[in-house]
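Reviewing the structure listed below.
Just so you know, ligand 1 is whichever comes first in the structure, and atom 1 is the first atom listed for that ligand.
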Amino acid sequence: MSKERYIAAKQAWAEKQVAKGVRPREVRAEDRLPPGQKLTTGFPVLDLGIQPDVPLAEWTITIDGEVEQPVTLDWTAFNALPRVEDVSDFHCVTTWSKYDCRWGGVAFTELYERVKPHADAQFVYFTGYDGYSTNVPLAQCLDDDVMIATHFEGEPVSREHGGPARVIIPKLYAWKGTKFVKGVHFLTADKLGFWEIRGYSNGADPWKEERYA
Ligand SMILES: Nc1nc2c(c(=O)[nH]1)N[C@H]1C(S)=C(S)[C@@H](COP(=O)(O)O)O[C@H]1N2
Ligand SMILES: [Mo]
């Protein structure tokens with residue numbers, strides 16, 4: 001299937017769910033498995049039909065926008081930052097969830113402290129090497145389980161799962177976590193990302209079933 005047809009199909013799916021009356025819940029569920037999700041033991045791959053090949057020698061990440069000290073780091077500099085490891089659950093809006101994913105990488109808070117965002121920076125816009133983008137309120141990025149992951153289960157993140165580095169935001173549906181991450185931009189006003197423009201919820205809270213807008 002071509003990239004365009006895949007994107008159109010996923011957008012149409014979101015519109016159909018809204019037409020069928022799929023709506024977010026008022027009250028957040030408290031179970032570990034969010035409502036409407038099924039556990040999987042595998043690890044499906046979801047992308048735009050592009051898995052960009054970014055050689056580590058050419059890889060950079062840029063963190064900029066409404067910050068005092070914008071920075072572009074190459075692979076060596078990025079990996080010299082203090083590292084974290086965290087085990088979290090992964091929830092895809094297409095209804096599969098995977099428990100106990102062990103990610104290793106650089107905590108979002110580490111990058112945050114480094115670039116010193118201005119007080120009016122309230123949103124983060126992530127971009128990927130495949131042209132993907134997504135947006136998240138800054139407050140949610142500052143959770144201690146949010147990271148730019150370079151490792152999964154002790155191994156480098158594979159290309160299909162978003163290597164060299166991908167964003168992990170466990171408390172939101174997984175589309176909010178940009179694979180093949182290239183840019184982290186601090187903004188004063190929200191700016192919708194790739195799927196958010198195409199009918200996906202801006203909130204993306206799995207326990208409220210914020211699937212589609
Ligand atoms: N750059 C990029 N990031 C992306 C996507 C994408 O297509 N491109 N898909 C998103 C979606 S919809 C999901 S569910 C997860 C899937 O991650 P996985 O392929 O490792 O399961 O990545 C998210 N991040
Ligand atoms: Mo997804």
Side-chain angles (χ1 to χ4, degrees), residues 1-17 22 33-34 36-54 59-62 86-105 108 124-136 140-141 145-185 192-206 209-213:
M1 188 159 52
S2 76
K3 180 190 170 190
E4 287 70 27
R5 284 194 55 197
Y6 170 77
I7 293 166
K10 226 175 152 179
Q11 179 167 8
W13 167 258
E15 284 159 9
K16 208 188 284 175
Q17 300 311 301
V22 175
L33 188 66
Q37 295 292 108
K38 289 180 218 77
L39 258 194
T40 176
T41 47
F43 198 175
V45 171
L46 281 112
D47 56 42
L48 302 177
I50 312 166
Q51 295 174 351
D53 183 12
V54 191
W59 184 92
T60 62
I61 187 167
T62 296
D86 187 62
V87 176
S88 59
D89 298 343
F90 192 98
H91 309 293
C92 173
V93 70
T94 60
T95 73
W96 58 270
S97 290
K98 181 175 174 59
Y99 282 169
D100 296 322
C101 301
R102 184 161 58 93
W103 299 104
F108 185 91
V124 184
Y125 186 80
F126 297 94
T127 57
Y129 279 94
D130 58 346
Y132 192 79
S133 57
T134 188
N135 58 303
V136 182
Q140 279 171 309
C141 294
D145 54 6
V146 175
M147 75 169 88
I148 313 278
T150 57
H151 284 71
F152 175 70
E153 301 299 346
E155 301 289 333
V157 173
S158 67
R159 183 163 152 195
E160 59 178 2
H161 285 298
R166 71 174 298 168
V167 181
I168 292 296
I169 309 175
K171 295 191 186 78
L172 300 179
Y173 283 123
W175 90 78
K176 288 286 186 181
T178 298
K179 307 199 309 188
F180 327 107
V181 64
K182 173 188 184 184
V184 180
H185 311 290
L192 298 181
F194 188 90
W195 288 122
E196 290 82 5
I197 289 172
R198 293 171 175 80
Y200 284 68
S201 157
N202 198 20
D205 180 342
E209 289 213 74
E210 292 176 337
R211 297 176 190 271
Y212 312 106

Using the rule side-chain contact (heavy atoms from CB on, under 4.5 Å), only one of Ser201, Cys92, Pro206, Ser97 pairs with Tyr173; which is it?
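So, applying the side-chain contact (heavy atoms from CB on, under 4.5 Å) to Tyr173 and each of Ser201, Cys92, Pro206, Ser97, only Pro206 qualifies.
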Please list, chain by chain and in numerical order, all residues satisfying salt bridge (charged side-chain N to carboxylate O under 4.0 Å, His left out) with Glu153, sequence neighbours excluded.
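Residues passing salt bridge (charged side-chain N to carboxylate O under 4.0 Å, His left out) with Glu153: Arg102.
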Lys98 to Phe43 six-membered ring, cation-pi geometry met (6.0 Å, 45°)
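So Lys98 does make the cation-pi contact.
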Is it true that the NZ or CZ of Arg198 lies under 6.0 Å from the centre of Tyr200's six-membered ring and within 45 degrees of the ring axis?
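No, Arg198 and Tyr200 do not form such a contact.
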Residues forming a side chain to side chain donor-acceptor pair (under 3.5 Å) with Thr60, sequence neighbours excluded:
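Counting only residues at least two positions away or on another chain, Thr60 forms no side chain to side chain donor-acceptor pair (under 3.5 Å).
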For Asp145, what residues pass the side chain to side chain donor-acceptor pair (under 3.5 Å) criterion, not counting sequence neighbours?
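Residues passing side chain to side chain donor-acceptor pair (under 3.5 Å) with Asp145: Lys171.
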Measuring from each atom of ligand 1, which residues have a heavy atom under 4.0 Å away?
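Shell around ligand 1 (4.0 Å, heavy atoms): Lys10, Phe43, Pro44, Val45, Leu46, Asp47, Leu48, Phe90, Cys92, Trp96, Asp130, Tyr132, His161, Arg166, Ala174, Trp175, Gly177, Thr178, Lys179, Phe180.
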